[in-house]
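Only one structure is covered here, and it is reproduced in the block below.
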Amino acid sequence: MADLPSAPARAWQRMLSGRRLDLLDPSPLDIEIADIAHGLARVARWNGQTVGDHAFSVAQHSLLVEEIFARQAGDPSPQGRLTALLHDAPEYVIGDMISPFKAVVGGGYKAVEQRLQRAIHRRFGLPEETPERLKAAIKRADQVAAYFEATLLAGFSTAEAAKFFGRPRGMTPDQVDLACRPASKVEAAFVKRFQAIGSIGA
């Protein structure tokens with residue numbers, strides 16, 4: 001008896017909003033900020049290896065990066081602020097994979113991540129490809145956040161963190177809020193910040 005053809009592998013993720021997001025061909029129409037906030041608030045940075053009663057989530061990290069970016073940039077545009085806030089947004093679907101594991105997995109993960117990022121940018125009126133100057137500024141803010149998270153939450157020595165992320169200039173630990181909060185509160189804060197950025201200059 002001939003084998004029956006196998007069903008194609010499911011490549012979509014069902015969201016609490018009811019949307020079904022195709023991971024291989026994501027549509028901006030299936031992307032909602034509520035789903036992004038909900039997911040990122042429940043994805044732990046550093047694989048959860050941080051101090052505190054709650055995980056330090058990707059949503060909280062994103063809020064921190066946007067704050068640092070704005071401080072370093074002086075008076076960035078709403079578009080720049082939103083790009084910073086959403087710089088890790090694909091992780092609401094694919095999770096936060098630490099850099100050493102990304103290197104092992106290779107290009108497949110990166111390709112999915114980039115497709116999701118482009119769809120997210122289209123959904124919220126951002127350029128699919130972030131201009132290099134803006135990308136570099138957000139990356140600097142990301143590394144500052146990572147340094148403080150590593151040393152204050154994840155057990156890195158200052159020398160070790162400086163080796164991987166660089167040593168922050170012009171910022172001290174008392175200038176960053178790293179209090180790990182419940183997912184529901186971080187989710188609400190993320191949505192509130194998204195809305196506040198949207199209202200700038202409106």
Side-chain angles (χ1 to χ4, degrees), residues 6-50 52-67 69 78-99 101-102 105-130 135 138 142 145-146 149 180-200 202:
S6 59
R10 178 170 68 88
W12 52 264
Q13 163 76 50
R14 187 190 185 285
M15 304 297 167
L16 286 178
S17 65
R19 299 289 189 184
R20 291 188 179 188
L21 182 63
D22 188 330
L23 302 184
L24 302 181
D25 186 21
S27 167
L29 298 176
D30 292 325
I31 293 168
E32 301 290 348
I33 194 62
D35 292 329
I36 293 174
H38 185 87
L40 293 185
R42 289 158 177 79
V43 175
R45 290 272 291 169
W46 309 96
N47 277 347
Q49 297 300 307
T50 50
D53 294 333
H54 303 282
F56 189 80
S57 69
V58 175
Q60 203 165 348
H61 164 78
S62 299
L63 288 163
L64 178 60
V65 169
E66 190 266 330
E67 179 185 342
F69 163 75
Q79 185 180 79
R81 287 176 177 269
L82 186 57
T83 304
L85 184 68
L86 297 175
H87 78 283
D88 277 340
E91 294 178 8
Y92 88 106
V93 178
I94 56 179
D96 181 28
M97 189 179 295
I98 60 173
S99 297
F101 195 52
K102 284 183 183 179
V105 171
Y109 175 92
K110 197 68 179 175
V112 172
E113 183 180 45
Q114 288 173 343
R115 282 195 292 269
L116 286 165
Q117 191 73 71
R118 292 188 190 107
I120 290 165
H121 278 201
R122 289 199 304 273
R123 172 65 177 85
F124 299 115
L126 299 172
E128 283 192 26
E129 300 297 333
T130 302
K135 185 186 294 185
I138 294 171
D142 193 20
E149 291 170 23
C180 302
R181 296 187 170 85
S184 59
K185 291 188 176 181
V186 178
E187 177 182 349
F190 189 94
V191 172
K192 183 178 180 180
R193 187 63 193 140
F194 172 85
Q195 292 170 339
I197 292 171
S199 69
I200 296 173

Between atom [atom1] of [X] and atom [atom2] of [Y], what is the distance when rounded to the nearest 0.5 Å?
{"X": "S184", "Y": "H38", "atom1": "OG", "atom2": "NE2", "result": "10.0 Å"}
{"X": "F190", "Y": "S57", "atom1": "CZ", "atom2": "OG", "result": "9.5 Å"}
{"X": "L82", "Y": "I33", "atom1": "CG", "atom2": "CD1", "result": "7.5 Å"}
{"X": "D30", "Y": "M15", "atom1": "CG", "atom2": "CE", "result": "8.5 Å"}
{"X": "Y92", "Y": "I120", "atom1": "OH", "atom2": "CD1", "result": "5.5 Å"}
{"X": "F124", "Y": "I197", "atom1": "CZ", "atom2": "CD1", "result": "11.5 Å"}

**Asked** Does a donor on one side chain sit under 3.5 Å from an acceptor on the other, for S17 and D35?
**Response**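 The answer is yes; a qualifying pair exists.
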**Asked** Can you tell me if D142 and H61 form a side-chain donor-acceptor pair at under 3.5 Å?
**Response**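 Yes, because at least one side-chain N or O of D142 sits under 3.5 Å from a partner of the opposite role on H61.
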Heavy atoms only: give me the nearest [X]-[Y] pair and the separation to one decimal.
{"X": "A44", "Y": "D96", "value": "O-OD2, 3.7 Å"}
{"X": "L64", "Y": "A145", "value": "CD2-CB, 3.8 Å"}
{"X": "F69", "Y": "A84", "value": "CD2-CB, 3.8 Å"}
{"X": "L116", "Y": "P90", "value": "CB-CB, 3.8 Å"}
{"X": "A34", "Y": "E187", "value": "O-OE2, 4.3 Å"}
{"X": "T50", "Y": "A55", "value": "OG1-CA, 4.5 Å"}

**Trace of the side chain to side chain contact (heavy atoms under 4.5 Å, CB included) decision for Q79 with L126** = CA-CA 7 Å; Q79 185 180 79; L126 299 172; 3.4 Å; yes
**Request:** Go through the steps to decide whether E67 and R193 satisfy the test salt bridge (charged side-chain N to carboxylate O under 4.0 Å, His left out), and finish with yes or no.
**Result:** CA-CA 10 Å; E67 179 185 342; R193 187 63 193 140; over 6 Å; no
Strictly distance-based, threshold 3.5 Å: is any side-chain N or O of [X] a donor or acceptor partner for the main-chain N or O of [Y]?
{"X": "D22", "Y": "L24", "result": "yes"}
{"X": "Q117", "Y": "L86", "result": "yes"}
{"X": "R123", "Y": "I31", "result": "yes"}

**Request:** Determine, step by step, whether H121 and E128 satisfy the side-chain hydrogen bond (donor to acceptor under 3.5 Å, both in side chains) criterion, reporting the C-alpha distance in whole Å, the side-chain angles of both residues, the deciding distance to 0.1 Å, and the verdict.
**Result:** CA-CA 6 Å; H121 278 201; E128 283 192 26; over 6 Å; no
**Message:** As a quick check of understanding, evaluate side chain to side chain contact (heavy atoms under 4.5 Å, CB included) for R20 and Q13, giving each step before the final call.
**Reply:** CA-CA 6 Å; R20 291 188 179 188; Q13 163 76 50; over 6 Å; no
**Trace of the side chain to side chain contact (heavy atoms under 4.5 Å, CB included) decision for E66 with R81** = CA-CA 6 Å; E66 190 266 330; R81 287 176 177 269; 3.1 Å; yes
**Message:** Could you work out, with side chain to side chain contact (heavy atoms under 4.5 Å, CB included) as the rule, every residue matching Q114, not counting sequence neighbours?
**Reply:**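 Q114: side chain to side chain contact (heavy atoms under 4.5 Å, CB included) contacts with K110, R118.
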